[in-house]
Visitor: 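Pasting a structure below so you can have a look.
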Amino acid sequence: MQNQLVIYNTLTRTKEKFEPLNKGLVGLYVCGPTVYSDVHLGNCRTFISFDLIYRYLLLLGFKVRYVRNITDAGHLEGDRDEGEDKFAKKAKLEQLEPMEIVQKYTLGFHDVMREFNNLPPSIEPTATGHICEQIEMVKKIISNGYAYEVNGTVYFDVEKYNKEFPYGQLTNRQLEDLIANTRELSGQDEKHGRLDFALWIKAKPEQIMRWPSPWGWGFPGWHIECSAMSSKYLGDTFDIHGGGMDLQATHHTNEIAQSQACNHKAPVKYWMHTNMLTVNGVRMSKTAGNGFLPGELFTGNHPLLEKGYSPMAVRFFMMQTHYRSTLDFSNDALQASEKGYARLAAAVKTAENLKTSATSTSNIQELEKNCFDAMNDDFNAPILVSHLFEGARIINSVNDGKETISEADLVLLKKLMHDFVFDVLGLKSEISNTSSDNALQGVMEIILEIRKEIKSKKDFAASDKLRDNLNKINITIKDTKDGAVWSLTAGE
RNA sequence: GGUCCUGUGGCCGAGUGGCUAGGCUCAGCUCUGCAAAAGCUGCUACAGCGGUUCGAAUCCGCUCGGGACCUCCA
């Protein structure tokens with residue numbers, strides 16, 4: 001383990017030393033998507049942020065069990081436990097079975113995650129696959145006295161819970177304030193308290209997605225699935241629970257309450273929340289209608305986009321902002337990232353063929369330390385990136401013969417660039433001249449040879465035309481002092 | 001209304017009480033047949049007003065602006 005990792009814990013609102021409950025092991029749970037529609041870029045940001053966190057924990061040598069759920073049932077519109085089921089509504093809209101909706105958007109989600117080069121979680125449990133566990137948990141909460149049943153629906157008794165535990169601790173709020181901001185219960189409301197929320201919900205007669213329970217046919221409330229699945233796979237108390245900041249006030253607050261009420265233990269040691277992606281300063285969300293779909297971004301097929309951006313350019317764009325800061329989305333910012341990333345990636349490639357000398361003009365060990373220090377400080381990727389550009393500068397300077405590097409330092413430099421650029425930031429090269437197409441390799445060698453002959457005859461008009469035309473089909477030729485080289489750039 | 005976050009140079013974004021991340025853009029230079037790439041140099045900063053301090057963009061107060069959560073959303 002390189003030095004000491006520090007994590008900002010939402011629970012205490014401070015940075016704390018990271019000490020896993022079990023030495024060398026990390027239990028990580030992240031709230032996954034509700035698969036009733038396409039994931040937009042804001043959703044992706046959260047998963048990319050936690051992918052970075054997961055990857056860095058792995059680099060540090062931890063054995064990480066990363067659990068990220070798929071919500072495929074029980075998520076109502078509106079958290080008043082009275083809205084329409086999201087899946088049922090969408091199913092009606094698309095004239096499909098609810099589980100067809102689930103399947104369709106789960107597959108889409110996985111495709112997008114793969115495009116962004118996110119590592120798959122260790123376990124990806126679904127709510128519908130854990131109905132029994134959720135029912136058992138609800139039963140236990142009732143027998144522990146923190147929940148009650150009314151007409152087939154089970155509610156969590158927030159006010160009773162709050163007498164023993166600080167219900168609003170995750171958002172630093174007092175119960176009285178929370179109650180003051182909640183509307184009055186109507187006469188027909190089944191809840192005892194204004195803040196009470198459903199653990200189990202009675203199904204309406206027409207509902208397809210329903211299961212038998214001690215309280216009749218119904219389906220689980222949204223919050224209970226995460227509590228049930230996280231404790232099943234990670235234990236009653238585990239290391240890190242993450243999610244978007246928008247889940248903090250309601251979903252995570254209720255998760256803590258449920259788990260505590262059920263298991264008599266605080267479920268999580270470190271709560272981590274990622275900030276939102278904004279468009280023109282306003283949060284990207286499904287309901288605001290300002291969401292970008294990843295596909296639109298890659299193709300540039302969106303009114304707000306001037307062109308398409310590759311998945312890695314977008315990922316790099318996100319890596320240049322800390323996960324707890326909002327990130328504003330714009331063409332200019334995206335273009336800057338695209339170019340910056342191309343330069344960084346090119347340097348990593350250049351490092352493969354550097355000549356070594358007896359001594360180094362740069363301190364590579366210090367550079368390595370700086371990289372670890374940056375990530376150890378609550379996963380500060382933007383600082384890491386700045387150090388990686390220092391690495392790129394060194395590589396390019398050595399390549400130009402302006403600086404030197406020793407054999408040992410080059411090995412270290414190559415390793416750290418590889419570790420941090422590919423393994424931690426999760427980027428992958430999009431430029432290539434090592435095309436698997438042998439025919440193309442051969443053709444390019446012939447073309448460069450012919451162009452060399454043309455150039456030696458000083459027919460620059462012809463050689464430039466060749467270069468320009470190749471450029472149009474995404475083949476770039478550069479004339480270096482050691483001769484011409486070519487590379488294939490990712491097409492749009 | 002309540003609970004918070006935030007306002008950095010042309011743009012995006014880090015950051016610590018004093019030593020001014022980084023990327024992109026722009027200008028100049030080196031290299032080059034020209035490009036490209038690369039390197040070097042330069043250019044505009046810390047919303048405003050007070051206060052604490054030897055010293056603050058960084059701490060405190062106020063003003064103005066932006067945003068989030070409290071209602072589903074990663």
Side-chain angles (χ1 to χ4, degrees), chain A residues 13 30-34 37 39-50 75-80 83-84 86 168 171-174 176-183 222 242-251 253 273-278 281-288 291 316-317 320-322 324-344 346-347 350 370 374 377 380-390 392-393 395-397 399-403 455 458-461 463-464 467-468 471 476-481 484-485 487:
Chain A
R13 286 168 293 283
V30 173
C31 289
T34 301
S37 66
V39 284
H40 65 242
L41 204 64
N43 303 120
C44 294
R45 187 188 177 200
T46 293
F47 302 127
I48 290 171
S49 293
F50 281 105
H75 206 156
L76 301 182
E77 301 214 300
D79 203 38
R80 306 295 312 174
E84 200 170 353
K86 286 187 175 186
T171 46
N172 196 24
R173 272 170 239 197
Q174 299 302 315
E176 303 76 60
D177 299 330
L178 288 168
I179 290 172
N181 289 314
T182 312
R183 60 148 211 214
W222 175 36
M245 270 183 185
D246 48 353
L247 300 183
Q248 193 178 328
T250 307
H251 185 55
T253 289
H273 290 96
T274 56
N275 215 136
M276 301 291 106
L277 183 70
T278 62
V282 180
R283 175 182 163 195
M284 182 182 286
S285 73
K286 284 171 186 168
T287 42
F316 185 70
F317 166 65
Q320 284 184 291
T321 304
H322 188 82
R324 282 191 289 114
S325 299
T326 54
L327 171 58
D328 199 55
F329 190 85
S330 72
N331 275 290
D332 286 350
L334 238 18
Q335 257 159 45
S337 293
E338 185 177 54
K339 288 186 182 176
Y341 174 56
R343 191 159 82 81
L344 186 64
T350 301
N370 288 340
D377 184 13
N380 198 326
I383 296 291
L384 169 65
V385 169
S386 77
H387 294 308
L388 293 176
F389 273 108
E390 169 65 9
R393 207 212 89 242
I395 290 166
N396 288 327
S397 292
N399 190 234
D400 288 351
K402 288 167 183 162
E403 292 197 31
K455 280 181 70 180
K458 306 256 185 236
D459 185 355
F460 296 121
S463 69
D464 288 355
R467 185 174 61 196
D468 292 345
N471 195 248
T476 306
I477 291 185
K478 290 175 195 166
D479 293 309
T480 72
K481 55 181 180 292
V485 295
S487 62

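The figures that follow rest on heavy atoms only: side chains count, while hydrogens, waters and symmetry mates do not.
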Visitor: Take atom C1' in B:G66 and the same atom in B:G48, then report the distance between them in whole Å.
Guide: 15 Å

Visitor: Pick the P atom in B:G10 and in B:C5, then give their distance to the nearest Å.
Guide: 28 Å

Visitor: Picking from B:A74, B:C70, B:A21, which would you name as closest to the side chain of A:Ser386?
Guide: B:A21

Visitor: What distance, rounded to whole Å, do you find between the two P atoms, one in B:U52 and one in B:G15?
Guide: 29 Å

Visitor: So which nucleotide from B:A14, B:G23, B:C11 ends up closest to the side chain of A:Ile383?
Guide: B:A14

Visitor: Partners of A:Thr274 by side-chain contact (heavy atoms from CB on, under 4.5 Å), sequence neighbours excluded?
Guide: A:Thr46, A:Ser49, A:Phe50, A:Tyr323

Visitor: Generate the contact string for nucleotides 36-42 of chain B. Rules: B means base contact, S means sugar-phosphate contact only, - means no protein heavy atom under 4.0 Å.
Guide: BSSSS--

Visitor: I want to verify a distance call: between B:G33, B:A74, B:C69, whose nearest atom is closest to the A:Phe460 side chain?
Guide: B:G33

Visitor: Which residue lies toward the 5' end of RNA chain B, A:His322 or A:Lys458, if each is placed at its nearest nucleotide?
Guide: A:His322

Visitor: Remember a base hit wins even if backbone is also touched, and classify A:His273 as base, sugar-phosphate or nothing at under 4.0 Å, heavy atoms.
Guide: nothing

Visitor: Counting runs of three or more consecutive pairs, Watson-Crick or G-U wobble, with each distance below 3.5 Å, where are the stems of RNA chain B?
Guide: B:1-7 with B:64-70, B:10-12 with B:22-24, B:26-30 with B:38-42, B:47-51 with B:59-63

Visitor: What are the atom names and distances for every N/O pair under 3.5 Å that joins the protein to nucleotides 1-5 of chain B?
Guide:
unit_1 : atom_1 : unit_2   : atom_2 : d
B:G1   : N2     : A:Asn181 : OD1    : 2.4
B:G1   : N2     : A:Asn181 : ND2    : 3.3

Visitor: Checking A:Phe316 now: which residues fulfil ring-ring contact (aromatic ring centres under 6.0 Å, His included) with it, not counting sequence neighbours?
Guide: A:Tyr341

Visitor: How far does the P atom of B:G42 sit from the matching atom of B:U6, given to the nearest Å?
Guide: 32 Å

Visitor: Between B:C12, B:A14, B:G33, which nucleotide gets closest to the side-chain atoms of A:Ala333?
Guide: B:C12

Visitor: Looking only at the side chain of A:Met276 (C-beta and beyond, no hydrogens), which of the listed nucleotides B:A74, B:G23, B:C70 gets closest?
Guide: B:A74

Visitor: Applying a 4.0 Å non-hydrogen cut-off, can you work out what A:Gly243 is touching in the nucleic acid: base, sugar-phosphate, or nothing?
Guide: sugar-phosphate

Visitor: Does OP1 or OP2 of B:A14 have a side-chain N or O of A:Ser325 closer than 4.0 Å?
Guide: yes

Visitor: Using a 4.0 Å heavy-atom cut-off, does A:Leu334 contact any base of the nucleic acid, only the sugar-phosphate backbone, or nothing at all?
Guide: nothing

Visitor: By nearest nucleotide on RNA chain B, pick out whichever of A:Lys339 and A:Asp464 is the more 5' one.
Guide: A:Lys339

Visitor: The criterion is side-chain contact (heavy atoms from CB on, under 4.5 Å); which residues satisfy it with A:Glu403, sequence neighbours excluded?
Guide: A:Thr361, A:Ser362, A:Arg393, A:Ser397, A:Val398

